Amino acid sequence: MKIKALLITLCFMLINQCAMASRLPDDFWAYLQKIYPNSTQRFDSVVVLADGTMYVPLYPAQTAEDATNLKVEYTYPLNRAPQTKPEVIIFNNNFVLLKLLKDKNGNFSITKNENLPLKVKLGVMPQDMLVPVGFQVPESLKIILGNLVIPEKNDHLITAATDTKIGGKKDSTGKITPLAELKNKKALISNDMSKFVLVYDGEKKNSLYEVKLSGLPAKILASNKSKLALVMYFGSKTVEIVDLTNERTVAQINLDNTPKDADLDTVNNIAYVASANAATIYMIDLNTAKLIKAVKLEQSPEKIAVSDDAKALAFIDRNTQKIYSLKETDGAYTAKYIADGKNLSRILYKKGKIYAVSRTENKLSVYDEAENILTAEIKLNEKPTDAVFFQNKIYILCSKDSIINVYDTQSQKIIENIVLDNVGFYSKITMIPNQPNAVITGIQTKKFLLLNLEKMVITKKQNADVNVSNIIIIDAPKTGDVVENKGIGTKDISL
């Protein structure tokens, strides 16, 4: 018994070193992708299938040397094809996949079967894994946690329940009636007065709660792919990366000075953060929650935009209001002067064109980046504050006149003026992922306006009991139906 315990300890020491910087071996990952097409590997090497099912890998003490032809060696339940997503899969290279199970209350666990091969008990989970709050592991398998700590609810960022309502009436059971378009979405709502952010899970009508951040958020930028968010704070040099699945901080990144703006490269899932005081643009990977590069400039970047192909940036110099593009060639970055601007509230960079919106001059200027020339200049309604790009059109929110100017990039004309109501000062357009819809909000409006971008009309106006400074919307993590595996006494839960 002592010899067995010593063997397990020695194996664990070897495994722990391998699992600290977790990334599945390339050949094994390629093999898994053939079994599970369109699956992804999270930064902590958790495998996420196309339907949202998640598998936690166990790293072996030693990879089998003769495993040149990878294959499944064991499954639980027994003799199941991996495509049926069994709870446990052991491969002939000694790696193990454990399916993450989720019950109706949102609690995560793994298999309850304690009579598993020794290869399972000698493996260890990735030591940089994002462990779900309250994660349940059978006593006989707790050795596979290694040095991981299971966070309890009091370690969670959620600090207080609230009965604040998102726009709808309460029904007879006291549940919240949300916008139907936010079903299966998760929304983060902040105002300009508090460091608490309201988190609304559209799957559950009354699942509204508060997340306490480290300070007053200046901007929140969320990745719909990795479900990680970048949070910038007023007056702070530190940005935080928050896991939106578990609502907890996973990384704090100290910059050289206070950031001013950020934009997301949705192709590679990289956040670009501009700091005028540091004269630097920082690249933060929202797959791994790490700072990967800092580009020092001669200018002071204030507002920033990533091109739609993710190969270039545009930014505004705070001191001169000049517009620049930024490209990388052979590892070196070059800032190219494009034009002079004035009080620019928003820039967009799409299909080789830079679109600059002037808040005080009430105009949209269009520049061809490659030719470095002005190609169009369009008069807008008063005080344009925000803009989004959708299907070759730019929707420009003109706050003072409560109008959205719709600019067609092909005809280079304003083709529609969408009239809002005159209640409050609308200042923010937020796209709803995977929908032709956007939400229009503003401080002290206490209202959500739903804009159909295809039809170019406001389809809903819904009151709220909160002042909205920012609203971030992502797809909620997928949860499937609970399917009972008859005859084995367990439940197969697809996430």
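Every value quoted in this text rests on a predicted model; they were computed, and no experiment measured them. For the single chain, residues carry numbers from 1 onward in sequence order.
Taken to the nearest 0.5 Å, the CG atom of Leu141 stands 6.0 Å off from the CG atom of Leu116. The CD atom of Glu302 sits 7.0 Å away from the CD1 atom of Ile316 when rounded to the nearest 0.5 Å. With rounding to the nearest 0.5 Å, the separation of CD1 in Ile440 from CZ in Phe448 is 12.0 Å. How far CG of Asp308 is from NZ of Lys353: 11.0 Å, rounded to the nearest 0.5 Å. Distance check, rounded to the nearest 0.5 Å: CG of Leu24 to CG of Leu97 gives 7.5 Å. Separation of atoms CG (Leu255) and CG (Leu291) is listed at 7.0 Å; rounding is to 0.5 Å.
Applying the side-chain contact (heavy atoms from CB on, under 4.5 Å) criterion to Gln136, with sequence neighbours excluded, gives Asn107, Ser109. By the side-chain contact (heavy atoms from CB on, under 4.5 Å) test, Lys34 is found to be paired with no residue, residues two or more places apart in sequence or in another chain being considered.
For the pair Glu328 and Lys311, the salt-bridge criterion is not met [side-chain N within less than 4.0 Å of a carboxylate O]. Salt bridge status for Asp386 with Arg346: present, with a side-chain N to carboxylate O gap under 4.0 Å. We find that Asp475 and Lys186 are not joined by a salt bridge, their nearest charged nitrogen and carboxylate oxygen being 4.0 Å or further apart.
Between Ile474 and Lys185 there is no side-chain heavy-atom pair separated by less than 4.5 Å. Considering only heavy atoms from C-beta on, Asn269 stays 4.5 Å or farther from Leu228 through its side chain. Counting heavy atoms from C-beta on, the side chains of Ile281 and Leu297 come closer than 4.5 Å. Side chains of Leu230 and Ile220 form no contact here, defined as non-hydrogen atoms less than 4.5 Å apart.
Within 6.0 Å of atom NZ in Lys71, 12 or fewer heavy atoms from other residues, nucleotides or ligands are found, so the atom counts as exposed in its surroundings. Crowding of Asn254 atom CG: a count of heavy atoms from other residues, nucleotides or ligands under 6.0 Å exceeding 12.
Lys119 places no side-chain N or O within donor-acceptor distance of the main-chain N or O of Val96, the cut-off being under 3.5 Å. Side chain of Tyr76 to backbone of Pro86: no donor-acceptor contact under 3.5 angstrom is found. Of the possible donor and acceptor atoms, one in the side chain of Lys296 sits under 3.5 Å from a partner among the backbone N and O of Ala278. For the pair Thr249 (side chain) and Val242 (backbone), a donor-acceptor distance under 3.5 Å is absent. A distance-only check finds no donor-acceptor pair linking the side chain of Lys260 to the backbone of Ile304 [under 3.5 Å]. Looking only at distances, a side-chain donor or acceptor of Asp263 sits under 3.5 Å from a matching main-chain atom of Val306. Between the side chain of Ser307 and the main chain of Ala312, a donor-acceptor pair closer than 3.5 Å is present. The backbone N or O of Glu369 lies less than 3.5 Å from a partner atom in the side chain of Lys336, making a donor-acceptor pair. Remark: side-chain polar atoms of Lys219 are paired, donor with acceptor, to backbone N or O of Ala262 under 3.5 angstrom. At least one donor-acceptor pair under 3.5 Å links the side chain of Asn287 to the backbone N or O of Asn268.
If you check the side chains of Ser275 and Asn277, you find no donor sitting under 3.5 Å from an acceptor. Between the side chains of Asn392 and Lys351, at least one donor N or O sits under 3.5 Å from an acceptor N or O. Under the 3.5 Å distance criterion, with hydrogens and angles disregarded, no donor-acceptor pair is assigned to the side chains of Thr258 and Tyr233. The closest side-chain donor-acceptor pair between Thr111 and Asn113, if any, does not fall under 3.5 angstrom. A donor-acceptor contact closer than 3.5 angstrom is absent between the side chains of Tyr36 and Gln83.
For Tyr282 and Tyr272, the distance between ring centers is not under 6.0 angstrom. For Tyr324 and Phe315, the distance between ring centers is under 6.0 angstrom.
Between Phe389 and Tyr355, the ring planes are tilted. Angles from 30° to 60° get that label.
With respect to Val88, the side-chain contact (heavy atoms from CB on, under 4.5 Å) criterion is satisfied by exactly one of Leu58, Thr75, Val120, Leu78: Val120.
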